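Hydrogens, waters and symmetry mates are skipped; everything else that's a heavy atom, side chains included, is used. Small disclaimer: the values here were computed from a predicted structure and weren't measured.
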Amino acid sequence: MNKIEKRKQDGEEVTIRKAKWKLCLGILLALAGFAALLAGALLDVQDAGEIALVIAGFFVCDLAGIILLIKAMPGLALSDINKIDKKYGGCELAQLHGMKKSEVEQTLRSHKFQLDDSGYYRRKKFSFLRDSVSYYVKILDSSNLRATIHNEWKRFDQYVQNGKNSCLILMMYSDEPSAQNAQVLRNVGTRQIADNMVLDMYSLTTMVAVGADPVTGVGCYLDIGRGHHLYLYKYGCKMLKKLFG
């Protein structure tokens, strides 16, 4: 770890510690406000000045508590994102087999995916938790996974309909070194998981990036793991397992 990364990590730790203190203090202040109101009721306060004091104490404590809770949210979100980075940043990628291009296209057609004019294989599927999810599969060659993912995610974000649950499964065939590709897939997957689980758990779009070897037909992607059934990224992982697991 270089000095810049060390300073960044130290700064994040300070931010997270402050956020946790703000959270605790905010909760205590909110409880204190309710305690003041409850005390006034139990003591049967009759004097107008005392009643005003109790009410003022309630609102001041609760308002201060709410402000502190709001100020704590970015630091708490950062803490959750760091936990996700630690959990998924170095884990092994899940493997899929039988993913040569011709096999993938045949599998998609057999599962009623329809190829549209934009090059996406598309299928809409009902689900109880998400009502319905539209799956888009894009198959393409890539000489630079990082650039391909960036460009295709930007293009997909402009393509999908607003207000619809949409999952892009991006299948990229590359001859780049597998270790280099694996880290790119981890980073992208981790960002998508963090977006789903922390930044916007009700996000309407997500992407599962798959890197495949054009010779062996073995594909790799970052699996979110067990649980997490509310998150859209999980639906993409489930669909991949259904198709190629």
Could you report the tightest heavy-atom contact between [X] and [Y], atom names first, then the distance?
X    : Y    : result
F113 : M239 : CZ-SD, 4.1 Å
A209 : L185 : O-CD2, 3.6 Å
C220 : Q95  : SG-CG, 4.0 Å
S118 : Y159 : OG-CE1, 3.2 Å
S166 : F156 : CB-CZ, 3.9 Å
L222 : Y233 : O-OH, 2.6 Å

task: Sort and list the pairs that fulfil salt bridge (charged side-chain N to carboxylate O under 4.0 Å, His left out) and have at least one residue in residues 236-245, not counting sequence neighbours.
output: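 Non-adjacent pairs meeting salt bridge (charged side-chain N to carboxylate O under 4.0 Å, His left out): D223-K241.
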
I need the full list of salt bridge (charged side-chain N to carboxylate O under 4.0 Å, His left out) pairs touching residues 104-121, with sequence neighbours left out, sorted by first then second residue.
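Matches after skipping sequence neighbours: none remain.
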
For [Y], does its backbone N or O pair with a side-chain atom of [X] as donor and acceptor, under 3.5 Å?
X    : Y    : result
D195 : R191 : no
N187 : Q183 : yes
K164 : S132 : no
S142 : N144 : yes

Approximate separation, where rounding is to 0.5 Å, of [X] [atom1] and [Y] [atom2]:
X    : Y    : atom1 : atom2 : value
N181 : L145 : CG    : CG    : 4.5 Å
M207 : Y221 : CE    : OH    : 15.0 Å
N165 : T206 : CG    : OG1   : 10.5 Å
R186 : C91  : CZ    : SG    : 6.5 Å
C237 : R226 : SG    : CZ    : 14.0 Å
L108 : I139 : CG    : CD1   : 5.5 Å

| message | With a 4.5 Å cut-off on side-chain heavy atoms, are M99 and M171 touching? | response |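 They are in contact (side-chain heavy atoms under 4.5 Å apart), so the answer is yes.
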
Should L140 and Y173 count as side-chain neighbours, where that means a heavy-atom distance under 4.5 Å?
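Not touching, per the 4.5 Å side-chain cut-off.
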
| field | Pair L243-H111, side chain to side chain contact (heavy atoms under 4.5 Å, CB included): steps then yes or no | value | CA-CA 8 Å; L243 293 172; H111 283 81; 3.5 Å; yes

- prompt: Are Y136 and Y121 near enough that their ring centres are under 6.0 Å apart?
  reply: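 No - the distance between ring centres of Y136 and Y121 does not fall below the 6.0 Å cut-off.
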
Review point. Are Y135 and Y235 near enough that their ring centres are under 6.0 Å apart?
Key: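 Ring-ring flag for Y135/Y235: false, centres at least 6.0 Å apart.
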
**Request:** Please name all residues satisfying side-chain hydrogen bond (donor to acceptor under 3.5 Å, both in side chains) with D213, sequence neighbours left out, ordered by chain then number.
**Result:**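 side-chain hydrogen bond (donor to acceptor under 3.5 Å, both in side chains) list for D213, sorted by chain: empty.
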
ILVMFWY network linking I149 to V160, side-chain heavy atoms under 4.5 angstrom |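 Yes; V160 is reachable from I149 via cluster members.
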
- Just checking, any donor-acceptor pair under 3.5 angstrom between side chains of N196 and Q192?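 There is no such pair between these side chains.
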
W153 vs V188, side chain to side chain contact (heavy atoms under 4.5 Å, CB included): CA-CA, chis, key distance, verdict
CA-CA 11 Å; W153 178 238; V188 172; over 6 Å; no

Should the pair K100-E103 be classified as a salt bridge under the 4.0 Å nitrogen-to-oxygen rule?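 E103 and K100: not salt-bridged.
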
Has R123 got more than 12 heavy atoms of other residues, nucleotides or ligands less than 6.0 Å from its CZ?
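Yes, the 6.0 Å shell around CZ holds more than 12 heavy atoms from other groups.
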
Stepwise side chain to side chain contact (heavy atoms under 4.5 Å, CB included) check, V210 with L170:
CA-CA 6 Å; V210 182; L170 187 59; over 6 Å; no

Assess the residue pair V133 and L232 against the criterion (side chain to side chain contact (heavy atoms under 4.5 Å, CB included)); give the C-alpha distance rounded to whole Å, side-chain angles, the decisive distance to 0.1 Å, and a yes or no. CA-CA 8 Å; V133 179; L232 194 54; 4.0 Å; yes

